[in-house]
Amino acid sequence: MEKFKKIFYGLYVTLLAVHLYKAPPPAPPPPGGGGGGTTPEAPASPIDMYIVYLGVIAIFFILYHFYKYRERKTV
């Protein structure tokens, strides 16, 4: 269980560091005082970072479940 905690905290710190490093700077105001539009080079369907984090955490818990199941089966 101690190994699980170390892996979990390491994953948390890594994801936090990646999120803080990849945070984009604020966009400058548009010239000419307004007008709508889209961000240049923006993806058609952006995936927010929290969705990526939830996916990684879900995979981590699935692997943890299989590890615990295998551990119970061998005992």
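Counting from 1, the numbers follow the sequence of the chain as shown.
- The CD1 atom of I7 lies 9.5 Å from the CG atom of L63; values are rounded to the nearest 0.5 Å.
- Hydrophobic clustering (ILVMFWY, side-chain heavy atoms < 4.5 Å, transitive): V13 and V56 are in distinct clusters.
- Atom CZ of F8 and atom CZ of F61 lie 5.5 Å apart (nearest 0.5 Å).
- In this structure, Y50 OH and I57 CD1 are separated by 13.5 Å, a value rounded to the nearest 0.5 Å.
- Residue-environment remark: CZ (F60) exceeds the threshold of 12 foreign heavy atoms within 6.0 Å.
- Atoms NZ and CG, from K6 and L11 in turn, are 16.0 Å apart once rounded to the nearest 0.5 Å.
- Ring-plane geometry between Y64 and Y67 is classed as tilted, the angle between the planes lying from 30 to 60 degrees on a 0 to 90 degree scale.
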